[in-house]
Amino acid sequence: TPALAGVAAGRSEKPLKAAFSNAGLQATWCAQGKAAAEYWGKLFNVDVTWFDGQLDAVKQRAAVDNMASQKWDFVAIQAFGIGTLTQPVQKMIDGGTPVIDMDTLIAPLDKINVHSFLAPDNEFMGASVTQALVAKLGGKGKVIMTQGALGHTGAQGRAKGFNAVVKQYPGIEVLDTQPADWDVTKVARLWETYLTKYPQIDAAFFHNDDMALAAYNVMKARNRTNILIGGVDAMPPAINAVADGRMYATVRNPSCRIHGGAIIAGVAAVTAGEKAGSGIPKSIVTDGPVVTKENAAGMLWMQDHFLI
Amino acid sequence: MTEEAAPPLELRGISKSFGGVAALRDVDFVLRRGEIHGLVGENGAGKSTLMKIIAGLHGQYDGRMAIDGRPVHFRSPREALAAGIGMVHQELSVVPDLSVAENVYLGQQPTKGGIVDWRAMMDGARRHLASLGIDVDPGARMGSLAIGLQQLIELARVLFSGARIVILDEPTSALSPPEVQRLFEVLRGVRASGRSIVFISHFLDDVLAISDTVTIFRNGRLIATEAAGTIDKGWLIQRMIGRGHEELEGSYTGAIALYSKPDAPVVLDVRGLAAGRAFADVSLDVRAGEVLGIYGYMGCGLIELARTLFGKLRADAGTMSIGGKVLRPRSTAEACRAGIAFVPESRRSMLFHTEPVYKNMSISVLGRIGRLLLRPSVEKDIARRHVQSLSIRPPTVETLLGSLSGGNQQKVALAKWLTWPPKVLVLSEPTRGMDVGAKEDVVRIVKGLREQGMGVVVLSTEPETVLSLADRIVVMKKGRIVHEFAGRTVSKDQLLEAA
Amino acid sequence: MTAMRVFLRNQMRIIAPFATLIVLVAFFCLTSGSFASLDNAANILTQISVTGIIAVGLTFVILCAEIDLSVAAIANVTGIAVAYFTLQEGYVNIANVPLPGFAAIILALIGCFMLGLVNAAGITLIGIPSFIMTLAMMQIGAGISALLVRGQIAYAVPDLVSLLGAGRVAGIPCLVLVAAAFLLAGHLVLTYTRFGRYVYMVGGNREAAEYAGVNVKLVLGAVIVISAMCSGVAGMLGVAHFGSAQQNEFDGYLLDAIAAVVVGGTSLFGGRGGIGNTIIGLLILGVLNNGLDHIQIDSFLKILIRGLILLAALIINVYVQKVRESA
Amino acid sequence: MTAMRVFLRNQMRIIAPFATLIVLVAFFCLTSGSFASLDNAANILTQISVTGIIAVGLTFVILCAEIDLSVAAIANVTGIAVAYFTLQEGYVNIANVPLPGFAAIILALIGCFMLGLVNAAGITLIGIPSFIMTLAMMQIGAGISALLVRGQIAYAVPDLVSLLGAGRVAGIPCLVLVAAAFLLAGHLVLTYTRFGRYVYMVGGNREAAEYAGVNVKLVLGAVIVISAMCSGVAGMLGVAHFGSAQQNEFDGYLLDAIAAVVVGGTSLFGGRGGIGNTIIGLLILGVLNNGLDHIQIDSFLKILIRGLILLAALIINVYVQKVRESA
Ligand SMILES: Nc1ncnc2c1ncn2[C@@H]1O[C@H](COP(=O)(O)OP(=O)(O)OP(=O)(O)O)[C@@H](O)[C@H]1O
Ligand SMILES: Nc1ncnc2c1ncn2[C@@H]1O[C@H](COP(=O)(O)OP(=O)(O)OP(=O)(O)O)[C@@H](O)[C@H]1O
Ligand SMILES: [Mg+2]
Ligand SMILES: [Mg+2]
């Protein structure tokens, strides 16, 4: 039965070969994911080979093409560009290799039969941080959202979550929602303008922590550190910022849970014969919690040990 | 060292080759204090190469050079300048975007405590130019001045740079006769101050007039050095080429009888042509089998006129018609199709050095021997015919053009237009910088083309060229046609006077 | 004798890159167990196909001693445009304008033709240096792409594009066949047509070509437009190959395509080289990119390795040019 | 009379961009309530400071009729290097090599000096065209950055860098003062030193400069190295200003810096223009980027607008050049 299969999926007896690719190791989140996959891989006797996406759809496609022409026990992929990896991934699926989709859709789920899709709910992440900010403001105040790249599905989800929350509070006024494309130099420029334009800003939600920390610099330079800052990802630098009060809150996008989970799902598929849709759900939501001062230290410890 | 002071410049056994081809062979050359030393020789004889070695442009050569008896070996113009050698190059080398003053002090702007002293520079430039009889604002942009003036300013730079040895490589080719006279006065002044001058020119009269000593080069060798007072032009030409040249000598000195052909059909008709500030209201006609010479001083608009006729420059006003058909060429290709061909001043800008001979000859007729596809065998056949009839050496059509000698390259350039002769051939400065022998070849080819019924336009700033080629001559001055000589005798003096 | 020397000297431009290719292949065969397989050879061919189509146009441009930095941006715009004019599935949140497949293809091609024309006009009529004109076009192309796709991702393309970009004929990816056809056509045009000869002549000595009555501006304009069209086709097929059209998707192809042409030995100064060189260059880059995935190597080192190899190729390119000229 | 005409013609190169600036400022003042304030003027100055420092070096390069496409990559490397040699907080997962602040700065500067030297050697000694040499260096720079920072983000920089990049003196951001100092120094060097005049000579007529005894290769090499050094300083201060050092952080500055120089009216063909022009160009771009944030405008349209304005500036630049030359 499926339940038993889950229990049986422990450390593999024979060494397994797995191929991983994520968006690009230039991103800290991806680099952390690689470390987590290797950590869990060692525990579960999986030899992980990495195919870097280099934050470039074309380069990732070439890498995955090369991946697909080799033999793997299972593979795990986070696509940099949705839809750009369909063909080689389909080839591996057709060849019987379980493919675990991480964080971003490889293609719309009805188009490709991946083993499972492990991803955070971006809408939930956006909503939960916004909720934390709004709660702290007591439901009244002026807020700004600084978006990532508008084309990014993560950014779209986070914006949706933000909008859903602020809609519920008539006392909240949204001053601006311009995108900064994940680019810290653009964030700085935008926020210099905001601080000039708006004498009162109570809170700011950023689609990731890097942008939040860059904006904090601008605020500090103008002594406007009274603005509550919320971010997404909760990587160590941001947790630190939360701990020492530079940021108010961030929400964990659990890189370790997703990449480690992919190892475990892969091992289960190979050693216990877990089947997509029966043993393991087609889609698994991996959300992490909102991080505030209270739980910051614990979150850091869990990350150090690749738990979340 | 002997009692007598060592000569300012002494070269012994200089040899220089480019990729295995000898440009200079074992040349001994001595320049004395306070002399003007004329240098003559055919194109490619090695004059510029020797001077470039002296001025530090060619660091690689065999032989020894000494300045005031001290052995030197320059590897850059900087080192030569530091040793007191200044050179005015064959091609104008000024910075058009900078002011006149900066061009006068090019590369050695006066400084005060490391800071460029602009006032000293302006004052100094004004003073230097005034002493040359040039009255221009030192703050003016160099590029806004006439070419002749720019050439004089470049001369001023070298003359006043403090150089003890001044090399002038064909300095007069862009100057009008009065400007040449002014230059000569300055040169005599420089000589009087004890400095030495090397003066290279193809204008043998000029060389004989200004030099104390004349040296003749041929084929990379120094043939003779003589005191200028003891020789004449015929003697020089004899040494330069080793043959007699009666006809050319005639055109150099005597008067020419012009004749016109009023009955032949007009092939090129130009009415009221104008382009920018270069020229205006130019009206001409050329008949089949006629050579029209256009003479004028440098900067009078000749070069621009030639380019406008060929569609390289756009006319602002006026009309042109070829064989009765009105033409407003917007590109050289259009002019070419209408039947105009053009040979520019410099060989370098009309040949493909890294391509074989046959591609160089066929380039302008490709459209006629195949609309879309190339037909290399036809191209080669045509090229072989020209190689034979013009006796081009070596007689293969696959040779890369760059490995041909200068004269042979020139023949290839002309051969381009012989396959499908155009209605009108425009020759701009066909003999610029050419030696007398090569000039004669050009005269022969042009006369051949005329016999075929082509209309030829020869634009030149050299009176000899126009006189030796033209059936009819118009004179341009400041962008306008001021005089026409037709159907009667004209001499060089008359021509100069008209300009 | 002369003919022999000419022949050898001409070959030098191809011998150096060819030796590089052999060395690379040998290296990867020895260091990786999975590199030397038929399947992987097919991978390499597919991976260089999009670059190859772009590189055909770029070869024309570089033979004329110009450059086109907008190839990737134009590929992007065209790919996005063809998707924009195709009916997308309901979940694609794009304000697109569905048209019949044929019309979509034509419109996209007209679009990239127009961009090429703007490039050509800027370079030949106005006289803007090509590297900076096409730099501006890079930005303009990105702007148009952004406006069309508005940050979304489109998936559907017309059937014909889909077939050519992602289909197979007799087991061979159509994309490879298309790239081969483009390379062959480029080679034939350069070698056997009048226009091709003009390209070499304009690159060899622009002034001389003009005085010989060649319409230099027309030739330059044409190569720039050809480059845009090749990029456009590459972009369309690329979208089909990768399965989606999105902003900045093809940005990496700029450096790859330039590198392929230059590494292959076509002279940066114009007039020398050709499609044969470009093919070698494509293979070198394809083998390099692919091979680095087959051996265990620090991922962060790969970027530097590519840069260093590009630099080495540049040095060889310029050096070969000098040897030729002094010979 | 002549003096007057010369004066006016010289001014033309500055009048056109200046008019553009006035028009832009007027436009944003009218369309946005928050644009016209002293505070926002300060914003604009801060925003153009990093670009400004890069643009000083690039002005030298473009005046010599060369280009440097590696400025942003070198800024990135240097910024990352100075962080790499600084002790980072424990949570930054970087294998860095902490050194005293002074040593870190020196090492980073030596690093960008070396990269500049490689550029210079490739261009002057080997003879690789600058646009392609620096394109390769762009890739090499990215490779080195990747190796140093390995996908992480570093935050700490030496105190001096932090002060200059993020500190204030008498209420004025130090960054603005540094940029002003660089611009002033650049102007003085170009106008009042022999080296500066050599730059104009080399750009105006390289052969004439050589004949006049100028060591052209040295001048070219020097401007390339100056450009690398300016970029390096900009990268270090930029890291302090933005508070973090990461891969690709300054990529956007390449187009911005080139645009600033060219939009300001310095001739692409060398020999004409200067720091005055660059300042106007910086202000135009600064006002444009900042102003577009103040008015509500489709963010996807911004990219296109910037591209079109760059194109317009190019056309004006080339046109002004032609008018000058025909006059
Ligand atoms: N840079 C060079 N590379 C190759 N060959 C050269 C170079 N410079 C000169 N030559 C060759 O050296 C020979 C001598 O040329 P040089 O310029 O000295 O002649 P010249 O006497 O000055 O002729 P002219 O009267 O035409 O100026 C010629 O055969 C020429 O082709
Ligand atoms: N740049 C060059 N590269 C290779 N070979 C050259 C070069 N220049 C000249 N040659 C060769 O050197 C020889 C002599 O050349 P040069 O120009 O001195 O001939 P020349 O005697 O002046 O002939 P002509 O009267 O035709 O000008 C020729 O055989 C020519 O092929
Ligand atoms: Mg000479
Ligand atoms: Mg000769």
Side-chain angles (χ1 to χ4, degrees), chain B residues 52 55-57 74 76-83 85-100 102-118 121 135-145 150 154 157-158 161 163 169 275-278 313, chain D residues 1-13 62-65 124 185 187-219 265-274 320-327:
Chain B
K52 284 180 179 172
L57 270 111
F74 302 133
S76 74
R78 248 170 323 127
E79 296 176 27
L81 279 168
I85 294 172
M87 177 164 175
V88 176
H89 289 268
Q90 205 163 346
E91 299 82 25
L92 189 66
S93 71
V94 297
V95 186
D97 267 328
L98 293 184
S99 63
V100 167
E102 279 202 86
N103 271 288
V104 171
Y105 284 100
L106 209 61
Q108 38 197 359
Q109 290 88 344
T111 55
K112 210 157 66 185
I115 303 291
V116 172
D117 188 346
W118 281 89
M121 188 154 70
D135 176 30
V136 295
D137 170 16
R141 198 177 79 98
M142 189 70 165
S144 66
L145 305 179
Q150 294 188 36
E154 191 184 346
R157 165 170 100 225
V158 175
S161 68
D169 197 348
R277 301 197 316 175
L313 293 180
Chain D
M1 173 59 212
T2 315
M4 183 64 193
R5 253 179 37 212
V6 168
F7 177 79
L8 266 183
R9 241 185 283 142
N10 273 334
Q11 299 316 305
M12 167 107 95
R13 192 165 278 292
I62 294 183
L63 278 175
C64 281
T124 61
H187 177 69
L188 294 179
V189 168
L190 281 176
T191 319
Y192 294 107
T193 67
R194 274 202 185 175
F195 171 71
R197 303 320 295 169
Y198 289 170
V199 168
Y200 281 95
M201 284 165 62
V202 168
N205 185 346
R206 200 160 288 188
E207 211 175 12
E210 178 148 22
Y211 290 165
V214 175
N215 193 335
V216 171
K217 288 189 173 179
L218 193 66
V219 172
T266 292
S267 167
L268 284 167
F269 307 98
R272 276 277 126 191
V320 166
Q321 179 81 7
K322 280 191 184 160
V323 169
R324 280 187 56 85
E325 267 167 12
S326 74

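Labels below follow one simple rule: chain letters A, B, ... track the order of the sequence lines, proteins then strands, and each chain is numbered from 1.
You'll find the side chain of Y200(D) reaches within 4.5 Å of the side chain of L98(B), heavy atoms only. Side chains of Q109(B) and M201(D) form a contact here, defined as non-hydrogen atoms less than 4.5 Å apart.
Scanning all heavy atoms of the two residues, the minimum distance from V116(B) to T193(D) falls at CG2-C, 3.4 Å. Heavy atoms only, all atoms of each residue included: V95(B) and A208(D) are closest at CG2-CB, 4.2 Å.
Residue Y198(D) touches chain B through its side chain alone, counting heavy-atom pairs closer than 4.5 Å. For a residue to count as touching a neighbouring chain, one of its non-hydrogen atoms must lie under 4.5 Å from one of that chain's; by this rule E102(B) touches chain D with the side chain only. Only the side chain of L81(B) comes within contact range of chain D, with heavy atoms under 4.5 Å apart.
Note: A212(D) leads G196(D), G203(D), A212(D), A209(D) in heavy-atom pairs under 4.5 Å with chain B.
Annotation: the span from Y105(B) atom OH to R194(D) atom CZ amounts to 11.0 Å, rounded to 0.5 Å. Atom CG of residue D97(B) and atom CG of residue N205(D) lie 10.0 Å apart, to the nearest 0.5 angstrom.
By the side-chain contact (heavy atoms from CB on, under 4.5 Å) test, E210(D) is found to be paired with P77(B), V216(D), residues two or more places apart in sequence or in another chain being considered.
In this structure, Y192(D) places its OH atom where only 12 or fewer heavy-atom neighbours from other residues, nucleotides or ligands lie under 6.0 Å away.
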